[in-house]
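Each remark here refers to the structure printed beneath this line.
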Amino acid sequence: MLFLGWTRRPSNAPLAGVEPVVRAELRSWVVAGRGRHLFLQIDAPSPHDALDGRVEFTSLALRRGYRARDDSTGMPRVGRMTPGEVLRPVLGRAPDNRLEAVYTLSLGQAECLTRDRVFSAPYVLLGANSNAALRRTMESCGVGVPARVLRGAGPLGEFPGIDQDPGPEVPSDQWPALGLAARAR
């Protein structure tokens, strides 16, 4: 009996050789009318806490480190929101953060999703926008978007822009030409 106590693994210790799983929730809040803004909330187990947080996209104009005078294009691109910061509705309404889907991710998928990225398309509220960028990011990381969300496309749909193309990713060494001085994590 004493021997068994010495070899027992603590109940919260990871199993050797078993990759931990990461929980993620796809959520949304109302921007205007029926139109909703999507974001992905990631909750990774210790010691992978660096992957925790919110993955959402916006206009680079709302990102820390963006300077319009340095943007040679004159139109802010679609990019990831400054990690650690959260977008909120501008009309003073509290976001409802409605749950759209729950995912179990691998560490590789979580790392892919949390990578800082900027897309080549200019941000357009009813065109290539935050929903388009999150969809592209999720799909490129092997995470599907629910069919119900995809059906909400169109300017009068629940998820405008979800069907739009945000363009290819811009390499980080080209971000200064888009007015973004620094890459976050």
Problem set entry | CZ on R135 to CZ on F57, rounded to 0.5 Å | 14.0 Å
For this session: Would you check if P160 and P155 make a side-chain contact, meaning some heavy-atom pair closer than 4.5 Å?
Result: no
For this session: Keeping the roles fixed (side chain from W175, backbone from A181), state whether a donor-acceptor pair exists under 3.5 Å.
Result: no
Exercise. Distance-only, no hydrogens or angles: does the S28 side chain make a donor-acceptor pair with backbone N or O of R36 under 3.5 Å?
Worked result: no
For this session: Answer yes or no: is there a side-chain heavy-atom contact under 4.5 Å between P95 and R88?
Result: yes
Exercise. Heavy-atom distance under 4.5 Å between the side chains of Y103 and L26, does that happen here?
Worked result: yes
Exercise. Under 4.5 Å between side-chain heavy atoms, hopping through other hydrophobics if needed: is there a path connecting I162 to V31?
Worked result: no
For this session: Go through D116 and R63 one step at a time and tell me if the salt bridge (charged side-chain N to carboxylate O under 4.0 Å, His left out) criterion holds.
Result: CA-CA 12 Å; D116 198 6; R63 182 168 161 152; 2.6 Å; yes
Seminar exercise, completed: In terms of heavy-atom contacts, S46 and D49 come closest through OG-OD2, 3.3 Å
For this session: Treating Ile, Leu, Val, Met, Phe, Trp and Tyr as nodes and any side-chain heavy-atom pair under 4.5 angstrom as an edge, say whether L38 and V86 lie in one connected cluster.
Result: no
Exercise. So do R80 and V118 actually touch side chain to side chain, heavy atoms under 4.5 Å?
Worked result: no
For this session: For Y123 and M75, indicate whether the former's side chain and the latter's backbone hold a donor-acceptor pair under 3.5 Å.
Result: no
For this session: Working to the nearest 0.5 Å, report the span between CZ of R67 and CG of L180.
Result: 9.5 Å
Problem set entry | Residue pairs passing the side-chain hydrogen bond (donor to acceptor under 3.5 Å, both in side chains) test where at least one lies in residues 140-157, sequence neighbours excluded | E100-R148
Problem set entry | Partner of R23 by side-chain contact (heavy atoms from CB on, under 4.5 Å), out of I42, V102, L105 | V102
Exercise. Do L99 and L134 belong to the same hydrophobic cluster, where Ile, Leu, Val, Met, Phe, Trp and Tyr are linked whenever their side-chain heavy atoms lie under 4.5 Å apart, directly or via other members?
Worked result: no
Problem set entry | Main-chain N/O of P171 paired to Q174 side chain as donor or acceptor, under 3.5 Å | no
Problem set entry | Inter-residue atom distance F159.CZ - Q164.CD, 0.5 Å rounding | 15.5 Å
Problem set entry | Atom pair CD (E158) and CG (N131), whose distance is rounded to the nearest 0.5 Å | 10.5 Å
Exercise. Does NZ or CZ of R27 lie under 6.0 Å from the centre of the six-membered ring of F39, at an angle within 45° of the ring axis?
Worked result: no
Exercise. Would you say the side-chain atoms of D52 pair up with the backbone N or O of A44, donor to acceptor, closer than 3.5 Å?
Worked result: yes
For this session: Look at the side chain of Q109 and the backbone N and O of G142, then say whether any donor-acceptor pair between them is shorter than 3.5 Å.
Result: yes
For this session: Evaluate the side chain to side chain contact (heavy atoms under 4.5 Å, CB included) criterion for residues R117 and C112: first the C-alpha distance (whole Å), next the side-chain angles of each, then the deciding distance (0.1 Å), finally the verdict.
Result: CA-CA 10 Å; R117 56 186 92 216; C112 179; 4.0 Å; yes
Exercise. Are M138 and L113 close enough that some pair of their side-chain heavy atoms sits under 4.5 Å apart?
Worked result: yes
For this session: Would you mind reporting whether N129 and V78 have side-chain heavy atoms less than 4.5 Å apart?
Result: no
For this session: Indicate yes or no: at least one non-hydrogen side-chain atom of P168 is less than 4.5 angstrom from one of F119.
Result: no
Exercise. Step by step, would you call R115 with E169 a salt bridge (charged side-chain N to carboxylate O under 4.0 Å, His left out)?
Worked result: CA-CA 12 Å; R115 184 170 55 78; E169 282 189 46; 2.9 Å; yes
Exercise. If only atom types and distance count, is the side chain of E19 paired as donor or acceptor with the main-chain N or O of L107 below 3.5 Å?
Worked result: yes
For this session: Kindly indicate whether the side chain of V22, heavy atoms from C-beta on, has any atom under 4.5 Å from the side chain of D43.
Result: no
Exercise. When rounded to the nearest 0.5 angstrom, what is the spacing between CG in N97 and CH2 in W29?
Worked result: 9.0 Å
Seminar exercise, completed: Separation between CE (M81) and CG (L87), nearest 0.5 Å, reads 4.5 Å
For this session: Answer yes or no: is there a donor N or O on one side and an acceptor on the other, between the side chain of Q41 and the main chain of A24, under 3.5 Å?
Result: no
Problem set entry | R34: side chain to side chain donor-acceptor pair (under 3.5 Å) partners, not counting sequence neighbours | none
